[in-house]
Amino acid sequence: MYWVAGFASSRSFVVDFGRNQSPSLGLCGSDERHLFYGYIVAVPVQDFGGIMSGLVSDSWWKKTLYISGGALLAAAAYLLHELLSIRKEQQLDSKDAIILHQFSRPKNGVPSLSPFCLKMETYLRMVDLPYQNYFDGSLSSQGKMPWIEYNYEQVCGTEFIIDFLEEKLGVSLNKSLSTQEQAVARAITTMVEEHLYWTIAYCQWVDNVQETQKMLDLPGPLSDLLKWILCQLTGGIVKREMYCHGIGCFTNEEVYSLMEKDMRTLATLLGDKKYIMGPKLSSVDATVFGHLAQAMWTLPGTRPEQLIKGELINLAMYCERIRRKFWPEWFVDLEDFCYDSDNDASSGTPTCMLDLGLFSRTDTLEESDLSLPSHSNTHSQDSDHSAHSLSDSDIEADGSDVEQQIKGKI
């Protein structure tokens, strides 16, 4: 008699086996850590002798049955290996180097489907700190993503990472803000990360999950199946966490109503200013951009996209302004910049974003920008695929060519 053991649970979950840590699951962009609950089940299996005798019998249908069953078991084993594979961790030397751990790039050219990962990488570019991306997919010891390593120290949670970098490296985007302005910036950050985030996640992983599934980039012959499973698991996590948060108790229409109020609030706060807090960048811009970019470029045909590319066009121009200044390799077709209710999402194949790894914009800093410590220049680009200049002057709020094109389509 032989026995097999397995794990049974009534809840959907994603398991991550990290080094020297207990199994945990995480949601894309979430700063929460979650444990899974279930039972270890042992089931008796008949003697293998019967199987072997069936294989050597003269009955061809039995042979076919056993071979087909073996093939299915092999496919299931491969699927389980892909989902729960323990990747060999490379030895990373983080001495005087920022190693940014985050989810892998999607296929549609957007840097990340996680607003927190996009926020963190955009912030590093804003303060001109060279960094190295590491798309290992493993969560931090606290079960969070993204997280960084610097001088063999690990820090997770975007807010704590920013505080850590300000303390260790003396960089800051908020030096020009008064005490009252810093309080306003923190209030905006809290609204975006603790309220707007959930409505965007609901649209991305529950209400528009089919489009999100197309953007995932997973290798292997069973990639489509793996993407479907991942999206179903993530959607279940989003709905459960939204319910625990409180916002998940509302109807679909009520959730979108809350999202619209948050986006209108951001549009009002931005007004005709260049950035959220005025003419200069602040850390809240990385937060707002990381979340609005999801509505802008990852939710085709949805209410968030219709709103940001239609009535709240100043938010769209704000996102485009930051994209051009800090993401020169991220190409976007301006023909799809404004939402057209008569047309579906663009059917063209998007240009995949180049993975530059190391990034520095030291050579592209303006005189009017913040005074930041000088760091080693590793890579910078000054033009996109259409050979247009990517300097910020191209998209100033006072009558740039790009914004005139946008307004001409409204």
Side-chain angles (χ1 to χ4, degrees), residues 29 31 90-103 111-112 114-136 138-142 144-179 181-183 185-186 188-189 193 275-290 322 325-329 355-381 392:
D31 281 342
Q90 304 176 6
Q91 295 296 327
L92 298 177
D93 186 5
S94 64
K95 180 175 176 56
D96 298 327
I98 298 174
I99 309 297
L100 176 61
H101 296 258
Q102 61 169 313
F103 298 110
S112 179
S114 164
F116 290 97
C117 290
L118 182 54
K119 166 193 173 180
M120 195 67 253
E121 190 168 1
T122 302
Y123 175 84
L124 290 173
R125 295 183 174 214
M126 286 179 172
V127 295
D128 193 29
L129 288 177
Y131 62 96
Q132 176 66 57
N133 275 317
Y134 194 58
F135 303 108
D136 57 343
S138 64
L139 305 179
S140 67
S141 57
Q142 289 86 357
K144 300 178 184 294
M145 185 74 86
W147 55 288
I148 69 165
E149 292 181 79
Y150 180 76
N151 281 340
Y152 312 108
E153 292 186 67
Q154 297 184 3
V155 186
C156 63
T158 55
E159 184 174 353
F160 294 109
I161 293 174
I162 291 175
D163 291 342
F164 173 84
L165 294 177
E166 289 182 353
E167 179 182 354
K168 294 292 184 178
L169 302 177
V171 296
S172 178
L173 290 174
N174 301 328
K175 291 180 179 179
S176 62
L177 300 182
S178 65
T179 303
E181 289 174 331
Q182 291 182 21
R186 179 166 177 79
I188 296 173
T189 298
E193 293 186 345
Y275 301 113
I276 294 294
M277 300 306 298
K280 292 187 177 181
L281 284 166
S282 58
S283 59
V284 70
D285 290 299
T287 301
V288 175
F289 173 76
I322 293 180
K325 187 175 180 66
F326 299 104
W327 292 94
E329 74 277 23
D355 178 20
L356 298 181
L358 291 170
F359 175 87
S360 176
R361 66 182 192 95
T362 303
D363 292 339
T364 63
L365 282 173
E366 298 177 356
E367 294 294 333
S368 59
D369 278 347
L370 300 174
S371 298
L372 299 174
S374 177
H375 301 280
S376 60
N377 180 21
T378 54
H379 191 98
S380 63
Q381 284 183 272
D392 193 62

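Each residue takes its place number in the sequence, starting with 1.
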From Ile161 CD1 over to Gln154 CD, what is the distance, rounded to the nearest 0.5 angstrom?
11.0 Å
Check whether any side-chain N or O of Asn133 sits under 3.5 Å from a backbone N or O of Gln102 as a donor-acceptor pair, and report yes or no.
no
If you take all heavy atoms of Leu139 and Trp147, which pair is closest and at what distance?
C-NE1, 3.6 Å
So Val284 and Tyr275, do their side chains get closer than 4.5 Å, heavy atoms only?
no
Arg186 versus Glu159: any side-chain heavy-atom pair under 4.5 Å?
yes
What's the separation between atom OG in Ser114 and atom CD in Glu121, rounded to the nearest 0.5 Å?
11.0 Å
Is there a side-chain contact between Ile162 and Met120, using heavy atoms and a 4.5 Å cut-off?
yes
Under the rule for side-chain hydrogen bond (donor to acceptor under 3.5 Å, both in side chains), what residues qualify as partners of Thr189, not counting sequence neighbours?
none
Nearest-0.5 Å distance that lies between atom SG in Cys156 and atom CD in Gln142
3.5 Å
Is there a side-chain contact between Met126 and Ile322 (heavy atoms, below 4.5 Å)?
yes
Report yes if the side chains of Pro146 and Tyr134 come closer than 4.5 Å at any heavy-atom pair, otherwise no.
no
Quick one, Asn151 and Asp96 - any side-chain contact, counting heavy atoms below 4.5 Å?
yes
Test of understanding: with side-chain hydrogen bond (donor to acceptor under 3.5 Å, both in side chains), list the residues that count as partners of Ser112, not counting sequence neighbours.
none
Mind checking whether Phe116 and Thr287 have side chains closer than 4.5 Å, heavy atoms only?
no
Verify the neighbour count for atom CZ of Phe164: are there more than 12 heavy atoms of other residues, nucleotides or ligands below 6.0 Å?
yes
Evaluate the side-chain proximity of Arg125 to Tyr131: yes if any heavy-atom separation is below 4.5 Å, no if none is.
yes
Under the side chain to side chain contact (heavy atoms under 4.5 Å, CB included) rule, collect the residues that match up with Ser178, sequence neighbours excluded.
Gln180, Glu181
Which value, rounded to the nearest 0.5 Å, describes the distance between Thr158 atom OG1 and Leu118 atom CG?
11.5 Å
Distance from Ile98 atom CD1 to Glu149 atom CD, nearest 0.5 Å?
12.0 Å
Kindly give the heavy-atom pair with the smallest separation between Ser283 and Leu173, and that separation in Å.
N-CB, 3.7 Å
Would you call Glu166-Lys175 a salt bridge at under 4.0 Å N-O?
no
Reported CG-to-OH distance for the pair Leu165 and Tyr150, which is rounded to 0.5 angstrom:
8.5 Å
Looking only at side chains, do Lys280 and Ser176 share a donor and an acceptor under 3.5 Å apart?
no
